[in-house]
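Just below is one structure, and these are the notes that go with it.
The structure displayed is predicted, hence computed values, not measured ones.
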Amino acid sequence: MIDMEQDQSLTLHVSEGHPVSTLHVPDSSMTLNDVLKVNGFTPRDGSFRFLVDEQGTMINHREAGRAPPTVRCGVPANVEQLWIDDDARRGFASAVRSNGEEVVVLNGKAFDFQTVFVTKWKRGKEQRRVAYGFSPEPPFYAASDLVFLQVPTKGETGRIYNPQSGRVDRKIRLQAPSAEIQAMRGFWSAWQLQPDLESATYRADITPLPTDFKPHAPPRQQPKKRSMNKNKRKIKLKNIKEDAWGEGMHKSVVRLHTHWASALVCGVPKTPNGREGVLVANGNANRPTMVNLDGFQYGMTQCIKIPDQGETYELYAPAQKDYLSCVIESSESLNLEELRGRWVIARLQRSNQHKRKLVLEALPSQLRSKEN
């Protein structure tokens with residue numbers, strides 16, 4: 001994360017083969033979308049120009065002061081702008097992505113050109129991924145819009161794609177009896193947004209609950225184990241290239257026993273105690289060496305190893321001089337259950353339900369592949 005002052009500038013990559021441009025930022029509180037407009041980089045035909053970071057996350061509505069130094073025009077991960085040729089049948093219309101992948105669009109209408117978010121859920125014998133429409137401009141959704149989401153394994157709040165953050169973190173209250181929600185835990189289904197745009201009702205006519213569906217049963221709680229760093233090697237970093245691999249994912253070089261190694265550095269880059277941290281895992285052919293900086297701040301990233309059981313991880317908070325429990329939460333692209341026992345990059349966020357959570361964001365191996 002970069003704190004920009006007034007009258008700063010950003011580097012813009014429009015596409016491969018085109019020269020880079022400079023975006024003048026008159027006010028760091030402006031969104032990147034507004035920065036594009038004042039610099040005259042919006043398309044003349046009125047279409048929307050997406051901006052993405054290194055991870056493919058949509059950042060159009062991020063404040064310029066929180067933007068990476070280089071922004072790129074491109075298509076965000078799991079977002080597509082496509083034509084729909086036929087009206088929906090049984091609630092879903094066929095369409096083809098730019099890469100040739102066939103998808104089905106919830107409530108799609110013939111001859112529409114839509115911006116859609118493509119979920120990871122596949123339906124039908126053809127196993128086509130399900131997509132639903134949204135607007136890339138605020139307010140992003142409208143009353144009666146249909147969205148496709150997974151009923152949570154706990155609580156009564158689902159999540160849909162949020163163009164403001166570029167992640168699946170927009171909370172939607174599911175308006176259904178508790179017993180009905182309990183019977184649908186883990187079920188991917190269609191929901192209709194209400195006028196407040198913060199709640200939705202179940203559309204059983206489009207996605208009826210199968211009679212043989214078994215709701216997700218959360219695993220039995222295991223005794224908590226602290227993610228203690230006592231036996232980990234403390235390390236002091238002299239130089240850090242902030243946000244080298246994306247927001248909150250820094251890069252440095254560390255001295256190991258016999259050699260220097262490129263390191264992924266997560267955490268708060270500037271703390272009262274300087275740039276000190278913990279070497280949490282050595283690198284290999286598939287991933288970089290990983291370091292977590294000392295400090296505790298919402299919005300920071302952390303390298304964590306997902307436990308074999310349970311859904312919590314404990315982070316040390318220097319101010320409290322204690323470990324604070326955080327719920328690990330899957331993202332649209334990374335599933336907790338599929339990554340047990342593996343190292344991942346997660347982002348610390350506030351949670352109304354659990355106080356704090358670590359949302360899975362990326363795999364260290366993805367960064368290694370970019371480095372090469």
Side-chain angles (χ1 to χ4, degrees), residues 120 149-159 162 165 167-174 178 181-182 184-187 214-232 247-249 264-268 271 277-281 287 290-366:
K120 65 182 179 182
L149 57 84
Q150 185 177 28
V151 177
T153 56
K154 295 180 181 178
E156 299 181 358
T157 302
R159 286 174 172 78
N162 183 1
S165 67
R167 301 185 177 90
V168 183
D169 60 10
R170 180 165 175 148
K171 296 179 180 179
I172 300 296
R173 294 193 313 275
L174 305 184
S178 296
I181 290 180
Q182 194 64 32
M184 299 171 63
R185 297 287 184 201
F187 181 55
K214 295 182 179 179
H216 172 84
R220 298 176 64 182
Q221 288 292 330
Q222 301 294 321
K224 293 181 180 179
K225 294 183 179 180
R226 288 190 170 181
S227 315
M228 300 185 71
N229 289 324
K230 274 200 229 180
N231 301 322
K232 301 291 184 179
E247 183 184 355
M249 287 173 270
L264 161 67
V265 182
C266 287
V268 185
T271 65
V278 175
L279 178 65
V280 295
R287 72 184 189 211
M290 288 177 272
V291 175
N292 282 333
L293 293 172
D294 294 339
F296 186 96
Q297 179 178 298
Y298 287 104
M300 74 176 185
T301 53
Q302 283 284 282
C303 297
I304 68 171
K305 189 173 185 179
I306 297 181
D308 294 329
Q309 294 179 319
E311 300 177 353
T312 60
Y313 194 92
E314 296 200 0
L315 294 181
Y316 186 73
Q320 287 86 350
K321 296 182 179 180
D322 196 7
Y323 287 83
L324 301 181
S325 182
C326 307
V327 169
I328 305 172
E329 186 174 286
S330 300
S331 63
E332 185 65 31
S333 58
L334 298 178
N335 183 275
L336 167 65
E337 294 299 330
E338 297 173 357
L339 296 170
R340 289 201 178 276
R342 293 182 59 181
W343 284 96
V344 300
I345 303 165
R347 192 174 297 274
L348 180 64
Q349 297 182 8
R350 297 183 188 274
S351 170
N352 293 334
Q353 186 177 0
H354 306 289
K355 289 189 178 180
R356 62 195 73 86
K357 60 186 178 181
L358 285 164
V359 181
L360 305 187
E361 186 154 317
L363 297 175
S365 58
Q366 296 173 325

Does the side-chain contact (heavy atoms from CB on, under 4.5 Å) test come out yes or no for L149 and L174, once each step is laid out?
CA-CA 10 Å; L149 57 84; L174 305 184; 4.1 Å; yes

Run the numbers on L358 and E311 for side-chain contact (heavy atoms from CB on, under 4.5 Å), then give the verdict.
CA-CA 10 Å; L358 285 164; E311 300 177 353; over 6 Å; no

Full working for side-chain contact (heavy atoms from CB on, under 4.5 Å) between S178 and E156:
CA-CA 8 Å; S178 296; E156 299 181 358; 2.9 Å; yes

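Between C303 and L264, the shortest heavy-atom contact is SG-CD2, 3.8 Å. In terms of heavy atoms, Q150 sits closest to G186 at NE2-O, 3.2 Å. The minimum heavy-atom distance between L279 and M290, with the atom names listed, is CD1-O, 3.5 Å.
With a 4.5 Å cut-off on side-chain heavy atoms, F296 and P318 count as touching. By the 4.5 Å heavy-atom criterion applied to side chains, P152 and R185 are counted as neighbours. Side-chain contact between V291 and V280 is absent, with no heavy-atom pair separated by less than 4.5 Å. A 4.5 Å side-chain heavy-atom check between L363 and I345 finds every atom pair outside the cut-off. I304 is not listed as a side-chain neighbour of E314, based on a closest heavy-atom distance of 4.5 Å or more.
Remark: the backbone N or O of R167 is not paired with any side-chain donor or acceptor of N162 at under 3.5 angstrom. In this structure, the side chain of T157 does not engage the main chain of R173 through any donor-acceptor pair within 3.5 Å. Looking only at distances, no side-chain donor or acceptor of R356 sits under 3.5 Å from a matching main-chain atom of S351. The backbone N or O of N335 sits nowhere less than 3.5 Å from a side-chain atom of E338 that would complete a donor-acceptor pair. Looking at R340, its side chain does come within 3.5 Å of a backbone N or O of G310 through a donor-acceptor pair. No side-chain donor-acceptor contact under 3.5 Å links T312 to the backbone of S325.
Side-chain contact annotation: T301 with E361, donor-acceptor N/O pair under 3.5 Å absent.
Scanning for salt bridge (charged side-chain N to carboxylate O under 4.0 Å, His left out) contacts around R170 gives an empty result, with sequence neighbours left out.
Partner of E329 under the salt bridge (Lys or Arg N to Asp or Glu O under 4.0 Å) criterion, out of R350, R159, K154, R347: R159 alone.
Heavy-atom neighbours of K355 NZ from other residues, nucleotides or ligands within 6.0 Å: at or below the threshold of 12.
Residue S330 holds its OG atom at 7.5 Å from CD1 of I306, rounded to the nearest 0.5 Å. We find the OH-CG distance between Y316 and N292 to be 15.0 Å, quoted to the nearest 0.5 Å. Once rounded to the nearest 0.5 Å, the distance linking SG of C266 with CE of M249 reads 7.0 Å. Taking CD of Q302 as the reference point, atom OH of Y313 lies at 7.5 Å (rounded to 0.5 Å). Once rounded to the nearest 0.5 Å, the distance linking CG of D169 with CD of Q349 reads 6.0 Å.
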